[in-house]
> 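My questions will all concern the structure given below.
Because the structure is predicted, anything quoted here is derived from the model rather than measured. Both backbone and side-chain heavy atoms feed into the values below; hydrogens, waters and symmetry mates do not. Atoms within each ligand, like the ligands themselves, are counted from 1 in listed order.
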Amino acid sequence: MSVILTLLAALIATGTCAYHRSSLRTWAIVTIVATLVVGLIAHAPWTTAILLIVELLIAVPLLLVDFRRRQISAPLLKLFAKVTPKLSETEQTALEAGTVGFEGELFSGKPNWHELLKQPKPELSVEEQAFIDGPVEELCGMIDDWQITHELADLPPNVWEFIKKNRFFGMIIPKQYGGLQFSALAHSAVLQKLATMSATVASTVSVPNSLGPAELLLHYGSEEQKNHYLPRLAVGEEIPCFALTGPYAGSDATSIPDFGIVCRQSVDGVDTLGIKLTFDKRYITLAPIATVIGLAFRMYDPEHLLGEQDDLGITLALLPRSTPGLQIGRRHFPLNVPFQNGPIHGKDMFVPLSTLIGGPHMAGHGWRMLVECLSVGRAISLPSNATGALRGAVASVGAYARMRKQFGLAIARFEGVEEALARIGGLTYATAALSRATAAAVDRGEKPAVPSAIAKYHATEWGRQVAGDAMDVLGGKGVQLGPSNYAGRAWQGVPIAITVEGANIMTRSLMIFGQGAIRCHPYVLKEMQALSITDRGEQLKTFDRLLFGHLGFGVSNAVRSFAMGLTGSRLGESAGDAYTRRYYRKLDRYSAALALCADVFMGVLGGKLKFKEKLSARLGDVLSYLYIASSMLKRYEDTGRPEADRPLLAWAFHQCVWNMQMALDGAIRNFPVRPVSWLLRVLVFPFGRREVPPSDRLGRRVAALISGPSEARDRLMEWVYLTPTANNTVGRMNALLPDVIAAEPVDRKFGKAQKSGQFTTHDYMDQLAEAERSGVLNASEAALLKRVREGVFEFISVDDFAPEELRAFKTRADK
Ligand SMILES: Cc1cc2nc3c(=O)[nH]c(=O)nc-3n(C[C@H](O)[C@H](O)[C@H](O)COP(=O)(O)OP(=O)(O)OC[C@H]3O[C@@H](n4cnc5c(N)ncnc54)[C@H](O)[C@@H]3O)c2cc1C
């Protein structure tokens, strides 16, 4: 017994120090003192002596820094240099671009929640709010998505004109150049609102405000280029596009075969230094109507007219549409969401060097320029469009499910439909928080490389889930396209969002964890960078500090993960209120588990982990759900901890935690080195998988919440265009919703009378009149039912067409 007590004391002392991340010195002192004191009290002299020898044998070499550096760190540095995979230039550029924000804390195994909660609450300025209530509202009122998607396959001229005149294309352009200079949050809000009316309009507006000529000019353009282009881009006098993708270079954009050869040519009789360009680009948004084309190509200087280098690398130029030889104007047809999109070609086209963005000295820097700017656009465009679509689904499907009756009940009441409604509500809550957090990061001046990938992937994947759920709940009403269908086009367009700005499979399997692990990890990138320190002494000193920091970090995460797994995340201090405290603790546990698994996976598999995409995708999922859950908790705090939102927060939180558990379980289960997998299972899931997905009862509360007016539903529908204009079925449905709900008890009374067979007529309206005459309903009740019946009929109706009306395109034979 005394032996066990002494051993336990040493173990608990070590574990407590590791849990709290004490220094090596503190650990040594605490463990030795604990062993000594308990050993003496328990009268276990031999055990105490043996333990003390072991502890001293470990502690002394580690605390003698010079000895440790020479005997331990130096050989390990050699080994590390040998096994560390050499990063390609492209990977190096991707890693160096971007900053690390709160996601770094999530990777630390011990997030500092105070850092998250002290971030300022993101808010729109008065001017930005006025823009949303003014021009955006007006634009939404002008949109007829059926006309756009079916009749014109384009925006009508008045919509184009309005967008340009009101500087929708200049949201990211500073005021000094005539732009709106909006915050990322405002930019996101505008896109969200437009997306609730038309994916085509939202996509059209998002592209000039995303990565493209304006963004590139702002960061790298010469003064002359900025002064020339930016004021014209801001007011839509110039329409931009950016051409990177081609038939041979999609996801692997650095492999573009398009090239430009530096040469001299006579232009209007003047000998001019320039580039002869040959390129084949496709899928380029706005290309068919663009007046200024951002072009990525590989630049070569075989005659050394610019310098010594032959292959200068990826370079970016801005070509006016009038450039001789430019083949542009044909259109692709992206899934019936007909924003302007098409191919661009050029062969041996000569352009002067002044077309290079930033001038000739920026030749070869194109990839770095793109990657540095990519995260900002990716953080806003796709996540905002998807969030708008999700918010729109709450407004439309929530209301519809309350209006549409089958088997004598609103379909929202059926448990099967409830499941879909719960997903719509819960995932909208999560996605909205995620988009807001990512926009806020951009507004804080971050370049959120990892969060932007998380936001792009999860917002669009949840967009896909909710678009499917919406169609399921709407049934035939969603399937039959026409002016009154508000869901079909959004559903059709889902794969576009999944594909662009980093196709989702690659984003999940390669980028989120790949970048996250190296960028956010407190030691890995620094250790890799230590390899390039040339002063040997300095290198060893740095490596030694990092190595032992890293080892302590690993041990601490193992202990934290195990301890929190054993106690069901009930340990420790935490942030939040009485309701959310357990949520923060749960995230602490998964943060420690992620940090532990990431270290072990990287340590055991080394560079091979890059090719184990299924493992890296799952660890990326854990990081993503940690980030999303943190965003929701921050949103909950920022909105004053509203009680009304709790079912949404709880549903989305439990879903995230469940997903995290399954992702970690999958990663550990499939780890190829079995003993490591067994050990990790004990440390991460000491009692097995204990998390459960959101309960049916919780799902019922969320479904009820989105299918009737409430404060929480209003918050979910923030920035949905709800004005009940003629072009806005969803707005009019929501205007009728209070009446629909008020009519429910009256309808039950009326239904009872119908069932009792007391009416002599069969037509609904005739029966209403009978009910009023016989006193079953009073006049205002009968008027309410009549109003609701007529209103709902409009919303459950679908369009039909004369056969020739559907023949919008010429057949091949007609051409
Ligand atoms: C409507 C639309 C608009 C666009 N607008 C523009 C634009 O304005 N400018 C522009 O330059 N480009 C644009 N693009 C191109 C877009 O960025 C590419 O489509 C995208 O990069 C994917 O390339 P791809 O379609 O050739 O797919 P591929 O690269 O062929 O990928 C096919 C599949 O393989 C997966 N995959 C590829 N590599 C990996 C990997 N290493 N690991 C795991 N999975 C992988 C992808 O995730 C995808 O699922 C647009 C595309 C579309 C469809």
> Check side chain to side chain donor-acceptor pair (under 3.5 Å) between Tyr177 and all other residues, then give those that pass, not counting sequence neighbours.
none
> Any protein heavy-atom neighbour for atom 44 (N) of ligand 1 (distance below 4.0 angstrom)?
yes
> Is Gln340 reaching over with its side chain to a backbone N or O of Ala287, donor-acceptor style, under 3.5 angstrom?
no
> Scan the protein's non-hydrogen atoms and note whether one is under 4.0 Å from atom 15 (C) of ligand 1.
yes
> Any ion pair linking Arg423 and Asp469 (charged N to carboxylate O, less than 4.0 Å)?
yes
> How about atom 9 (N) of ligand 1: does it have a protein heavy atom within less than 4.0 Å?
yes
> Any nitrogen or oxygen of Asn504 lying under 3.5 Å from a nitrogen or oxygen in ligand 1? Just yes or no.
no
> Could you see which bit of Thr507 sits under 4.0 Å from ligand 1, with heavy atoms only: side chain, backbone, both or neither?
neither
> By number and element, which atoms of ligand 1 are closer than 4.0 Å to a non-hydrogen atom of Ile284?
7 (C), 8 (O), 9 (N), 10 (C), 11 (O)
> By side chain to side chain donor-acceptor pair (under 3.5 Å), which residues pair with Ser624, not counting sequence neighbours?
His458
> Considering distance alone, does some N or O of Glu613 sit under 3.5 Å from an N or O of ligand 1?
yes
> Would one find an N or O of Thr499, backbone or side chain, under 3.5 Å from an N or O of ligand 1?
no
> Inspect the contact between Asp311 and Arg298 and indicate whether a charged nitrogen and a carboxylate oxygen are less than 4.0 angstrom apart.
yes
> Tell me yes or no: between the side chains of Trp146 and Asn485, is some donor less than 3.5 Å from an acceptor?
no
> For atom 11 (O) of ligand 1, tell me which residue out of Leu244, Ile498, Asp252 has the closest non-hydrogen atom.
Leu244
> Quick one: does Ser452's side chain have a donor or acceptor within less than 3.5 Å of a partner on Pro448's backbone?
yes
> Polar-atom distance check: Val500 versus ligand 1, any N or O pair below 3.5 Å?
no
> Any idea which atoms of ligand 1 are less than 4.0 Å away from a heavy-atom of Ala503?
46 (C), 47 (O), 48 (C)
> With nothing but distance in play, are any N or O atoms of Ser509 less than 3.5 Å from an N or O of ligand 1?
no
> Could you tell me which atoms of ligand 1, counted from 1 in the order shown, lie closer than 4.0 angstrom to a heavy atom of Phe339?
1 (C)
> Do any nitrogen or oxygen atoms of Ala243 come within less than 3.5 Å of a nitrogen or oxygen of ligand 1?
no
> Which atoms of ligand 1 sit under 4.0 Å from any heavy atom of Leu510?
41 (N)
> At under 4.0 Å between heavy atoms, is it the side chain or the backbone of Thr245 that contacts ligand 1, or both, or neither?
both
> If you count the atoms of ligand 1 from 1 in the order shown, which ones are under 4.0 Å from a heavy atom of Ile496?
1 (C)
> Using modelled atom types and a 3.5 Å cut-off, is there a donor and acceptor pairing between side-chain atoms of Asp665 and backbone atoms of Gln661?
no
> Classify the ring geometry between Phe168 and Phe162 as parallel (under 30°), tilted (30 to 60°) or perpendicular (over 60°).
tilted
> Just to confirm, does any protein heavy atom lie below 4.0 Å from atom 33 (C) of ligand 1?
no
> Would you tell me whether Glu372 and Tyr220 have side-chain atoms, one donor and one acceptor, within less than 3.5 Å of each other?
yes
